A.B. asks: 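Take this structure, written in C-alpha cells, and hold onto it; I'll ask about it next.
Treat the numbers as computed from the prediction; the structure is a model and nothing was measured.
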Amino acid sequence: MDETAKETLRQAALFYHEHPKPGKLEIRATKPLANGRDLSRAYSPGVAEACLEIKANPEDAARYTAKGNLVAVVSNGTAVLGLGNIGALASKPVMEGKAVLFKKFANIDCFDIEVNESDPEKLADIVCALEPTFGAINLEDIKAPDCFIVEQICRERMNIPVFHDDQHGTAIVVGAAATNALHVAKKAWGDIKVVSTGGGAAGIACLNMLVKLGVKRENIWLCDIHGLVYEGRTEDMNPQKAAFAQASDLRTLDEVIDGADLFLGLSGPGVLKPEHVAKMAKRPVVFSLANPTPEIMPDLARAVAPDAIIATGRSDFPNQVNNVLCFPFIFRGALDVGATEINDSMEVACVEGIAALARATTSAEAAAAYSGEQLTFGADYLIPKPFDPRLSGVVSTAVAQAAMQTGVAKRPLADLNAYKQKLDASVYKSALLMRPVFQAARTASRKIVFAEGEDERVLRAAQAILEETTEQPILIGRPEVIGQRCERMGLNIGPDKGLEIVNPENDPRYRDYWGTYHELMARRGVTPDLARAIMRTNTTAIGAVMVHRGEADSLICGTFGEFRWHLNYVTQVLGSERHRPNGALSMMILEDGPLFLADTHVWALPTPEQLAETAIGAARHCRRFGVEPRIAFCSQSQFGNQAEGSGKRMREAIALLDALRTDFQYEGEMNVDAALDPELRERHLPGGRLDGAANVLIFGHADAASATRNILKMKAGGLEVGPILMGMGNRAHVVTPGITPRGLLNMAAIAGTPVDHYG
C-alpha cells in the first residue's frame, strides 16, 4: 500500500472517531424521565426501595440494576495489540471499540476503564474493588507475565467472571479453528505434533487450550525469541512457559519444526520461513496469527505446501482468527445464568459451538455481510464469520449450559430451548413476531413455489425452509444453474437433494401448463402461440398456473421486476369472485414494536370501498402476529378539516366500516403524528374511539404508504415483513426486489399457513 493510500485510511479512521461526536460510546437511559413522578421513582425517594431490596438480598442487584448485563473492559495499556506499551490513556479508543463490539454482537452494556497502574498486584486490587458495579470483568491488553498475576488474583477474590480475552478469547477461537482444520486434514488431537512460536499470554493460553482438547503435552514444542523452551533454561522464563519445557538437546525452530502437523504462531513477522513449512508433515496446518504481518504470508506457505491449511489474524485472508467470535457470547451466556466464573468447561463449550457453526450451512445474513467470499466449510472456511447471527444463540446457550452443569450458575435457566429462542429473537428482529405464524404453518405441510428459483436469496431461503419448517419449496429455474449455485454457496440442497424443480426450458408438464393458461386467457387475447411463449419464459405465470392446477399451495414471486407486473399475472390466473387483491400490507418491525402500513402497492388511489377492505384485511393479518389492531386512517386532512381529497375518501371508508360493525378499533381521518401520539390526538379530538397509539396506518395514496415504508427501512432501521398480498386467500404473494433470504423465509411461513387460520 503506497503512502497516499495509507494517509487516506488514517484520515478516514480519525474522522470516524471524531464525528459526529467524539468517541464510539454514549450512555442512554432505559426508563422515562419526563415529569416529577418519574423523577421521584428514578431518584429520591423511590430509589430507596430498590436499595433496601438489594441490601436484603444482594442477588437482587441483577433484578433492579444494570449489573447483570454490565461488563467492565479494564486495561493499563501495557500490551495493546500491534502498538505495545502505549499507556492507559492512549489505549482508550481500543477499549471503547471493545465495548462497542459487546453491545453490537451480544447486547451487553459495557464501560471501558483505563487505569494508570503498572504494578500487577495494585491493578488487581483496583479491579477487585469494582465488583459491586459489574456482572463480569474483561481484562484487556495487559502485558505478560503481569496479566497472569492480575487474572489469578481477581479470580481468587472475586465472585463474578474474570476473563482475560487476549489469553482465553484467542485460545477459544484458535481451538475452534484447529478443531475444524484437523477435521479437514483427517488428523486426531492425540496424534499431532505442535510447534508454537510466542511465549506470551495468548500463546500460552492457546497451548493450554490445545491440551484441554486432547493434544499431548509432550507433543508440544514452544519456541520464543531465544529459541526452544527446554528443561533447565533460565533466560526469560516464567512458570507458564516452564510448563511446556521439553527435555531435548534441540534449540532452534528450524530443528524442532520437522514433522510438525500444526504450527501456531503468536510472535512476529517472518518468523516462519518457507523452508520450515517444507519440513512439516503432509497437509500441514499453519496458523500464523501475528498482526498485522503474520509469521509467514499464505502465498509463501502454499508455494512449498500447496495442501496447507492456513489461518491468519488478518481480514484480507481466509480464516481470520478474531476474538469477536468468542468474547461477546461467552460473556452473554455467563451473565444470563449469573455465573461466578468462566471455567474450562464453559470455554470448551464455546470452542465446540463455534466449530460446529462453521461446519453447518452458512447463514444468509453472513453471506450477505461477506458478499463475494466463499463461505463453504473446508480449508478456506474453518470458523464462522463474526456477523453470523447464529453465534449468539448457539454459543451463548452452550456456555450457559456448561455453567449450569459445572455448578457455577447462581441463576440457572429453566428452559435452555426457550433461552436460545430468546437470543435468536434478539438477533433476528422478526423472530418473536413471526413465532405464531411459524407455529400455524406447522399445522399443515404446504407446497410453496418460488418463481425466481435461480436467485441466490431464494436458494438460501429454500435451505432454511427445509431446515426450519414442514413446507416443501418448489423452484422454477434451470436445474444446472440451481445446482451450480447451491454448490458454490455451500448449501446441502440441489436438484437431486430434496428440491423439486420446474425447468421452464424442458418440463414434461409444459403442454399441460400452456394448455391451462390458454384456457384461462383465450378470451382475453392470448393465442396458443402466445400461451406457449409465456409458459417458456414467464416464471410468475408458470407458478400461478401450478397453484391453479393444485400442484402448489402458494406462489412467491417478485424478487426482481415491478410489483404490478407480477400482480397482473397473479390476478389473471388466480383471481376470481372470491379471490381478488384488496391491498398489500407491510409489517415494519421497529425498536418499540411493529407498525403495519397499507396499502403499499396494489391501489395507487384507493376508493372508499378499497380502503375499507384494506382495513378489514389488515386487522385480520395483524391478529396472525398476535397483535390486536388499532387502525388509523392517515391523511393530510385532520378529522374533517379538509372537504376534498384523501380525507373525503377516508371518511366514506369509515362510514362503510361503521355500517359493518367490525370487531377492531379504527379512527380517522388524521395526520400520522396524531395517529402515533395519543395525547396529541386527544387535543384534536377528545374522547375518540382509538385507545393508545395506532399500530396500523392506512393511507389514501400508495405513494404515501410506500414512502413511509421506505423511510422507516432506510432511516429508522425498520425491518420489513411483507408485503403481504391481502385478498388472494394466501395463494400468492408478490415481494419486492430488496427482500432478504430471511424475509423470504418469513413470507414462506405466511404462505404456508392454511387459509382457515385467518379467513
Side-chain angles (χ1 to χ4, degrees), residues 53-54 56-74 102-103 105-110 127-128 130-139 151-165 167-169 171-172 175-176 205 208-209 212-213 323 325-357 390-427:
E53 290 293 313
I54 295 169
N57 179 15
E59 288 302 307
D60 278 347
R63 182 178 178 187
Y64 295 115
T65 75
K67 177 181 171 71
N69 193 50
L70 191 61
V71 169
V73 174
V74 182
F102 268 113
K103 188 66 177 178
F105 290 105
N107 198 28
I108 292 173
D109 297 316
C110 187
V127 175
C128 290
L130 298 173
E131 183 170 352
T133 301
F134 297 99
I137 302 292
N138 184 148
L139 300 175
E151 185 181 45
Q152 181 179 350
I153 293 173
C154 290
R155 285 192 167 191
E156 289 172 353
R157 289 170 50 185
M158 301 180 81
N159 200 38
I160 59 174
V162 178
F163 186 82
H164 185 209
D165 185 46
Q167 291 184 64
H168 310 297
I172 286 167
N208 285 326
M209 174 57 72
K212 295 173 193 175
L213 294 173
N323 289 13
L325 287 170
C326 160
F327 70 81
F329 314 113
I330 199 166
F331 274 93
R332 179 76 277 160
L335 288 169
D336 288 340
V337 297
T340 57
E341 65 178 17
I342 293 174
N343 57 31
D344 287 352
S345 294
M346 295 161 73
E347 291 183 5
V348 171
C350 197
V351 168
E352 292 172 347
I354 294 169
L357 263 184
R390 300 170 300 177
L391 280 162
S392 181
V394 170
V395 178
S396 301
T397 302
V399 170
Q401 182 176 26
M404 292 190 294
Q405 290 173 342
T406 53
V408 299
K410 293 185 293 184
R411 299 188 301 274
L413 301 167
D415 188 336
L416 277 171
N417 287 331
Y419 174 63
K420 183 177 183 299
Q421 288 179 355
K422 181 181 177 182
L423 291 173
D424 288 340
S426 70
V427 177

A.B. asks: For Asn159, check side chain to side chain donor-acceptor pair (under 3.5 Å) against everything at least two apart and list the hits.
C.D. replies: none
A.B. asks: Please list, chain by chain and in numerical order, all residues satisfying ring-ring contact (aromatic ring centres under 6.0 Å, His included) with Phe327, sequence neighbours excluded.
C.D. replies: Phe102
A.B. asks: Take Leu139 and Val162, measure what side-chain contact (heavy atoms from CB on, under 4.5 Å) needs, and give me the verdict at the end.
C.D. replies: CA-CA 7 Å; Leu139 300 175; Val162 178; 3.9 Å; yes
A.B. asks: So, does Thr340 use its side chain to make a donor-acceptor pair with the main chain of Ile160 at under 3.5 Å?
C.D. replies: no
A.B. asks: Pairs in or reaching into residues 330-339: which pass salt bridge (Lys or Arg N to Asp or Glu O under 4.0 Å), with residues at least two apart or in two chains?
C.D. replies: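 Passing the test, one end in residues 330-339: Arg332-Asp336.
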A.B. asks: Which heavy-atom pair separates Ala339 from Pro161 by the least distance, and what is that distance?
C.D. replies: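 The answer is O-CD, 3.0 Å.
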A.B. asks: Taking NZ in Lys422 as the centre, count heavy atoms belonging to other residues, nucleotides or ligands within less than 6.0 Å. Is the count above 12?
C.D. replies: no
A.B. asks: Testing the basics here: between Cys326 and Phe163, what is the closest heavy-atom pair and its distance to 0.1 Å?
C.D. replies: SG-CZ, 4.2 Å
A.B. asks: Please list, chain by chain and in numerical order, all residues satisfying ring-ring contact (aromatic ring centres under 6.0 Å, His included) with His164, sequence neighbours excluded.
C.D. replies: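 None.
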A.B. asks: Not counting sequence neighbours, which residues clear ring-ring contact (aromatic ring centres under 6.0 Å, His included) with Phe105? List them please.
C.D. replies: Phe387
A.B. asks: Once side-chain contact (heavy atoms from CB on, under 4.5 Å) is applied, do any residues pair with Asn417, and if so which ones, sequence neighbours excluded?
C.D. replies: Asp415
A.B. asks: Go through the structure and list residues passing salt bridge (Lys or Arg N to Asp or Glu O under 4.0 Å) with Arg63, not counting sequence neighbours.
C.D. replies: none
A.B. asks: Measure across Val73 and Cys110 and return the closest heavy-atom pair with its distance rounded to 0.1 Å.
C.D. replies: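 In this case the closest contact between Val73 and Cys110 is CG2-SG, 3.3 Å.
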A.B. asks: Would you indicate whether the side-chain heavy atoms of Lys67 and Thr133 approach each other to under 4.5 Å?
C.D. replies: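 Thr133 vs Lys67: side chains apart.
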A.B. asks: Taking side chain to side chain donor-acceptor pair (under 3.5 Å) as the test, write out the residues that go with Gln405, two or more places apart.
C.D. replies: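 By the side chain to side chain donor-acceptor pair (under 3.5 Å) rule, Gln405 matches no residue at all.
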A.B. asks: Taking the side chain as everything from C-beta on, heavy atoms only, tell me whether Cys128 gets closer than 4.5 Å to Met158.
C.D. replies: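 Yes, their side chains come closer than 4.5 Å.
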A.B. asks: Any heavy-atom pair between the side chains of Val395 and Ile330 that's under 4.5 Å?
C.D. replies: no
A.B. asks: Side chains of residues 342-351: which donor-acceptor pairs under 3.5 Å do they make with residues two or more places apart or in other chains?
C.D. replies:
residue, atom, partner, partner atom, Å
Asn343, OD1, Ser345, N, 3.2
Asn343, OD1, Met346, N, 2.9
Asn343, ND2, Thr406, OG1, 2.9
Asp344, OD1, Lys212, NZ, 3.0
Glu347, OE1, Lys212, NZ, 3.1

A.B. asks: With sequence neighbours excluded, tell me which residues meet salt bridge (Lys or Arg N to Asp or Glu O under 4.0 Å) with Glu151.
C.D. replies: Arg155
A.B. asks: Please lay out, stage by stage, how Phe329 and Val399 fare under the test side-chain contact (heavy atoms from CB on, under 4.5 Å).
C.D. replies: CA-CA 8 Å; Phe329 314 113; Val399 170; over 6 Å; no
A.B. asks: Quick one about Asn138 and Asp165 (side-chain donor to acceptor, distance below 3.5 Å, no hydrogens or angles considered), yes or no?
C.D. replies: no
A.B. asks: Show the atom names and distances, to 0.1 Å, of all donor-acceptor pairs under 3.5 Å that link a side chain in residues 407-414 to residues at least two apart or in another chain.
C.D. replies:
residue, atom, partner, partner atom, Å
Lys410, NZ, Glu59, OE2, 3.2
Arg411, NH2, Leu335, O, 2.8

A.B. asks: Determine whether a donor-acceptor pair (N or O, by modelled atom type, separation under 3.5 Å) exists between the side chain of Asn69 and the backbone of Asn107.
C.D. replies: yes
A.B. asks: Determine, stepwise, if the pair Ser396 / Phe331 fulfils side-chain contact (heavy atoms from CB on, under 4.5 Å).
C.D. replies: CA-CA 8 Å; Ser396 301; Phe331 274 93; over 6 Å; no
A.B. asks: Which residues satisfy the side-chain contact (heavy atoms from CB on, under 4.5 Å) test with Lys420, sequence neighbours excluded?
C.D. replies: Val394, Thr397, Asp424
A.B. asks: Using the side-chain contact (heavy atoms from CB on, under 4.5 Å) rule, take Val71 and Ile137 through it: C-alpha gap first, then chi angles, then the decisive distance, then the call.
C.D. replies: CA-CA 6 Å; Val71 169; Ile137 302 292; over 6 Å; no
